[in-house]
Amino acid sequence: MTEIPSRYNPQETEDKWYKFWTENNLFSAKADPAKKPFCIVIPPPNVTGILHMGHALNNTIQDILIRYHRMLGESSLWMPGTDHAGIATQNVVEKDIAKQNLKRQDLGREKFLERVWQWRDQYGSTIINQLKKLGASCDWPRLRFTMDEDYSRAVKEAFVELWNDGLIYQSDYIINWCPRCQTALADEEAPHHDVEGKLYYIRYPLKDKILNPKSEIRNKSKIQNSKSKNYIVVATTRPETMLGDTAVAVNPKDKRFKNLIGETVILPLMNREIKIIADQLVDPKFGTGLVKVTPAHDPNDYEMGLRHKLQFINILHPNGVLNENAGEYSGMDRFEAREAILEDLTERKLIEKIDDYAHAVGHCYRCHTVIEPYLSKQWFVKMKPLAKEAIEAVKKGKIKFYPKRWTKVYLNWMENIRDWCISRQIWWGHRIPVWYCQDCKNIIASVDTPKTCSKCNSINLKQDEDVLDTWFSSWLWPFATFYWPNKDEKVKKELEYFYPTNTLVTAQEIIFFWVARMIMAGLYFRKDIPFRDVYIHGTVRDIEGKKMSKSLGNVIDPLDIIKEYGCDALRFSLVSLTSTGQDVFLSKEKFEKGRNFANKIWNASRFILLNLKEENTSQDLCVVFEKENLNLADRWILSNFYQMLADLDKALANYRFNESVNLIYEFFWRKFCDWYLEIAKLNINDKNTQIILYKILEKSLRILHPFMPFLTEEVWQKLPNVKESISISSWPHIQKQIIDRKVNSQMQILMDIITCVRNIRSNVKIPVNEFINIQIQTTNKAKAALINENKEIIKTLAQVKEIIFIKDKKEKQKGISSVVSKDLSLNIPLEGIVDTQKEEQRIKSQIEELRAMIIDKESRLKNKAFLAKAPEEVVEAEKERVAEIKEKIGKCKEILRAFN
RNA sequence: GGGCGGUUAGCUCAAUUGGUUAGAGCGUCGCGUUCACAUCGCGAAGGUCACAGGUUCGAAUCCUGUAUCGCCCACCA
């Protein structure tokens with residue numbers, strides 16, 4: 001055997017094996033009718049992306065599933081790709097050119113896009129290379145990009161199909177506008193965050209009141225019944241929007257203001273006359289019950305504006321600077337204007353009061369700038385018709401969420417869905433495939449660039465300037481990555497083979513953006529669901545529960561962890577921390593568990609390989625199991641392996657990854673290493689021992705492989721008789737006939753004796769290297785025989801010189817005794833003075849514990865209802881237990897007496 | 001304003017459909033370098049399962065309420 005270092009060194013193995021896998025095309029999957037398909041499409045990371053812990057968790061889970069199914073013999077395809085990420089990427093490149101004091105407008109559309117493509121060519125593969133470091137077994141030659149030519153065609157096809165079906169329309173509407181990115185955003189892209197703001201109460205003078213102080217308004221208005229008041233008060237959080245006010249509204253049922261309806265107020269600062277209108281949208285309980293109406297800058301006000309045919313005054317430039325409609329404030333930034341306006345209002349004594357007010361404000365999900373509701377012409381997708389089937393598919397269970405609770409979140413969103421604003425005023429993205437005839441105003445939506453107007457044959461056509469929302473391309477991902485709608489037979493067959501895909505693995509943040517929309521797109525364009533299962537994992541957070549982010553400086557970089565602990569350690573630890581859907585709280589130390597386990601596997605392998613004779617490695621385990629006389633430990637470890645395997649398959653089928661990892665850990669470390677390997681040392685050259693050591697190791701490596709791919713390949717390649725990569729080896733089959741419960745209880749007897757002896761030794765401080773005699777007293781002949789057969793195990797593992805069976809108390813030598821079970825006790829003869837205090841204490845507390853149990857159980861057994869209603873097995877078990885405990889207590893007392 | 005999740009050992013988390021004595025890792029304490037592994041081994045200590053009711057023969061687990069932390073959604077200015 002060649003030298004094997006005593007520490008596992010991930011740095012030396014990882015890149016080597018990754019190269020080996022890809023060079024041999026081991027991750028490539030074909031549409032093979034003889035095999036079952038298994039397919040996952042990767043949530044395409046942004047081309048601007050850098051691998052963070054969220055990616056690490058997300059992709060580790062996918063890789064586990066993919067590798068597992070590959071080993072199950074399925075045609076297991078992991079479709080890789082990246083997303084052009086319109087706004088995010090454009091922002092990055094804009095920042096880049098800003099270093100040269102350039103704006104994108106300085107370059108012009110074409111030149112700017114060239115720069116973006118250059119940037120992509122240079123940095124776009126960063127995240128892909130990082131995924132490779134993670135061990136991701138994607139079918140890399142299939143790598144897709146949402147701006148690829150074929151993919152772009154799919155996007156246009158999708159647009160035109162929806163347009164032809166009347167599901168896309170263009171409209172003036174209040175949308176979320178990011179003044180920094182200078183684009184419209186979808187509702188999902190403008191999440192609300194609480195902001196500590198102010199609620200400003202502003203006085204608007206009443207025109208009539210000024211002209212006619214005797215007006216009846218004075219006395220009927222409750223909150224403004226002061227004689228001197230010739231104004232009304234409105235409340236707002238955004239005072240600068242008052243410049244665009246074209247009405248004030250009250251609730252028609254609000255008695256206080258009944259007589260105000262129809263009156264005119266003078267809009268301060270602008271000196272515009274605006275009417276007081278009645279609209280049910282107004283909540284009488286909020287603020288003063290009087291609402292300023294700014295139809296161009298608030299969604300509610302917009303609706304009121306339509307209803308009451310108000311004027312729509314846009315006061316903002318796209319960059320958030322006030323425009324010519326803002327009077328003397330034009331040219332100021334919106335927040336600057338707010339201050340100026342407040343100052344002027346204060347000066348004119350028009351501020352009634354200012355309250356602190358925490359409220360939720362929309363923020364741009366890309367740059368976190370406060371968004372403005374903004375009236376503009378945009379493109380929308382009608383969502384209700386698409387949502388209908390998407391709701392059905394989930395309700396009928398065609399698509400299942402894991403964990404289940406996300407179903408409700410999904411349905412709730414779907415059922416309240418609103419139309420989707422898909423146009424973006426940026427340059428990087430899929431340009432909207434719509435042309436406007438400059439002559440007859442005809443609108444043409446077309447996949448290919450039209451040459452003439454379909455109505456008037458004019459050649460004077462102009463394409464829409466906007467691009468599509470990035471998510472308008474990603475919602476096609478599960479089928480556009482298979483070159484949909486390409487009609488070529490070969491290409492179509494692939495799509496038909498792998499679609500619907502099996503599992504989508506993603507984080508909760510993206511359910512609305514992506515998951516929900518993919519379901520709609522799949523059902524609409526493909527008439528079939530895009531995937532069957534959706535596994536939602538938790539969010540990775542730091543140890544304080546905060547989301548990891550660069551700005552918080554609490555990031556743990558997965559690549560650093562890979563360097564320091566190894567990729568397998570990273571994967572193992574991450575997965576062992578994710579119980580279904582719970583957020584993962586990380587700290588660096590948590591990766592030690594994975595590193596230590598990797599080292600344990602390494603060393604157990606090292607031990608076996610150093611002791612293995614090659615001729616013993618080609619035996620079939622099942623044949624050996626049936627033909628040979630296996631000893632107890634052999635049968636025990638085999639039974640445990642297959643029991644664990646059965647549990648593991650079940651856990652994986654239910655996406656219980658942490659349970660999977662724990663099962664393997666428990667088996668390999670706590671059973672195989674702690675017990676079996678130690679026992680195997682007794683007869684390491686025995687043929688059966690050799691075969692079992694080899695087989696358990698070899699099978700353990702296989703089941704470990706999806707979780708820890710590099711280490712397992714490295715060890716696997718050191719096994720004799722191994723030719724191919726472990727990544728394409730087959731997953732072990734369950735052998736039910738080998739699972740044997742009786743073997744477990746027999747082995748437990750030995751383990752209990754050994755633990756008991758070790759315990760006493762520790763308590764009375766018998767030196768580890770001192771071999772002692774033990775006396776065993778048992779009435780159970782089977783147990784005695786079992787112990788006798790396996791006495792070497794006890795001797796070695798408990799440092800015992802001789803095991804002496806005794807029949808009664810008289811034979812017992814002076815020493816320390818202990819009760820192992822009701823019919824078995826042991827005694828360690830001790831000469832001279834030893835410190836027995838601790839041991840005595842141990843027995844005493846043991847008795848106390850047992851007594852407490854008896855009290856509990858006896859009261860239960862006295863309960864008639866329990867006897868009548870509990871299942872018979874439970875009652876019987878309790879009775880047996882009581883008898884057993886009683887016997888044990890008796891023995892313990894006996895021992896205690898011997899101390900005195 | 002709705003919805004969801006958490007609250008279990010000093011710390012971080014498990015506990016599948018209610019059923020023996022609620023588990024693990026880290027940390028703590030004691031012993032140990034006998035050659036697979038000190039990234040280790042052996043032994044031990046440590047829990048009124050947030051709180052209060054209820055259902056049940058039986059509850060960490062089911063129901064109701066409370067407290068507390070966190071997340072998501074929502075056009076109340």
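Lettering follows sequence order; numbering is per chain, from 1.
- Nucleotide B:G53 forms a pair with B:C63, judged by Watson-Crick or G-U wobble geometry with both contacts under 3.5 Å.
- Using a 4.0 Å heavy-atom distance criterion, A:Asn300 is classed as a base contact.
- The A:Glu678 side chain lies nearest to B:A36 when the options are B:A74, B:A36, B:C57.
- Nucleic acid contact for A:Arg761: none, since no nucleic acid atom lies under 4.0 Å from a heavy atom of the residue.
- Of the candidates B:A74, B:U21, B:C37, the closest approach to any side-chain atom of A:Arg860 belongs to B:U21.
- Taking the C1' atom of each, B:G25 and B:G46 are spaced 15 Å apart, rounded to whole Å.
- Between B:C63 and B:G3, the two P atoms lie 15 Å apart (nearest whole Å).
- The pair A:Lys844-A:Glu848 does not count as a salt bridge, with every side-chain nitrogen at least 4.0 angstrom from each carboxylate oxygen.
- Atom P of nucleotide B:U39 and atom CZ of A:Phe572 are separated by 18 Å, given to the nearest angstrom.
- At the phosphate of B:G25, neither OP1 nor OP2 sits under 4.0 Å from any side-chain N or O atom of A:Asn596.
- When distances are taken from the side chain of A:Thr755 to each of B:A74, B:G43, B:C57, the shortest belongs to B:G43.
- Nearest nucleotide to the side chain of A:Val874, out of B:C4, B:G19, B:G43: B:G19.
- No contact: A:Ile511 has no heavy atom under 4.0 Å from any strand.
- Between A:Asp647 and A:Glu659, the closest side-chain pair of non-hydrogen atoms is not below 4.5 Å.
- At a threshold of 4.0 angstrom between heavy atoms, the contacts of A:Tyr302 with the nucleic acid are absent.
- With hydrogens and angles ignored, the 3.5 Å screen pairs a side-chain donor or acceptor of A:Asn603 with a backbone N or O of A:Ser6.
- Between A:Arg881 and B:U20 there is no side-chain polar atom (N or O) within less than 4.0 angstrom of OP1 or OP2.
- Side-chain N/O atoms of A:Thr294 and A:Asp245 include a donor and acceptor closer than 3.5 Å.
- Summarising the base pairing, B:A15 is matched to no nucleotide, lacking a Watson-Crick or G-U wobble pair whose two defining distances lie under 3.5 Å.
- Across B:U39, B:A14, B:G3, the shortest atom-to-atom separation from the side chain of A:Lys408 is found for B:G3.
- When the nucleotides B:A74, B:A77, B:A36 are ranked by their closest atom to the side chain of A:Val282, B:A77 comes out on top.
- Across all strands shown, A:Gln799 has heavy atoms under 4.0 Å from base atoms, whether or not it also approaches the sugar-phosphate.
- Using a 4.0 Å cut-off, some side-chain N or O of A:Arg418 falls inside it from OP1 or OP2 of B:C75.
- Residue contacts shown for A:Asn769 are absent, as no nucleic acid heavy atom lies under 4.0 Å away.
- Pair check for B:U68 finds B:G6; Watson-Crick or G-U wobble, both atom distances under 3.5 Å.
- Nearest to the side-chain atoms of A:Lys681 among the listed nucleotides B:A77, B:G30, B:A36 stands B:A36.
- Taking atom P on both nucleotides, B:U12 is separated from B:A59 by 29 Å, rounded to a whole Å.
- Note on A:Tyr665: only backbone sugar-phosphate atoms sit closer than 4.0 angstrom, heavy atoms only; bases stay farther off.
- Looking at heavy-atom distances under 4.0 Å, A:Pro871 makes contact with a base.
- Between A:Lys198 and A:Asp355 there is no salt bridge, since none of the side-chain N atoms of the basic residue sits less than 4.0 Å from a carboxylate O of the acidic one.
- Toward the 5′ end of RNA chain B lies the nearest nucleotide of A:Lys593, the other residue of the pair A:Lys593 and A:Trp669 mapping further downstream.
- Among the atoms of the strands shown, only primed sugar atoms or phosphate atoms (P, OP1, OP2) are found under 4.0 Å from some heavy atom of A:Asp674.
- Checking side-chain atoms of A:Gln690 against main-chain N and O of A:Lys613 turns up a donor-acceptor pair under 3.5 Å.
- Rounded to a whole angstrom, the distance from the C1' atom of B:G27 to that of B:A9 is 11 Å.
- Across the interface with RNA chain B, nearest-nucleotide mapping of A:Pro284 and A:Ile766 shows A:Ile766 to be the residue nearer the 5′ end.
- Using a 4.0 Å heavy-atom cutoff across all strands shown, A:Tyr410 reaches no nucleic acid atom at all.
- For A:Phe866, the side-chain atoms get nearest to B:G19 when compared with the rest of B:C72, B:G19, B:G41.
- Across every strand in view, B:G41 sits in a pair with B:C31 that passes the Watson-Crick or G-U test at under 3.5 angstrom.
- Looking at heavy-atom distances under 4.0 Å, A:Ala235 makes contact with a base.
- Heavy atoms of A:Arg595 sit under 4.0 angstrom from at least one base atom.
- Of all nucleotides listed (B:A44, B:C4, B:C40), B:C40 comes nearest to the side chain of A:Lys600.
- Taking the side chain of A:Val768 as heavy atoms from C-beta on, and the options B:G43, B:C37, B:G32, the nearest nucleotide is B:G32.
- In this structure, the side chains of A:Thr796 and A:Glu678 stay at 4.5 Å or more apart for every pair of heavy atoms.
- B:U8 and B:U61 are spaced 12 Å apart, taking the C1' atom of each and rounding to whole Å.
- The side-chain tip of A:Lys681 points at the ring of A:Phe607 from less than 6.0 angstrom away and within 45° of straight on.
- A distance of about 23 Å separates the C1' atoms of B:G23 and B:U39, rounded to the whole Å.
- Rounded to whole Å, the separation between the P atoms of B:G19 and B:G10 comes to 24 Å.
- Between the side chain of A:Glu659 and the base of B:A15 there is no donor-acceptor pair of N/O atoms closer than 3.5 Å.
- Separation of the P atoms belonging to B:C29 and B:C35 is 26 Å when rounded to the nearest angstrom.
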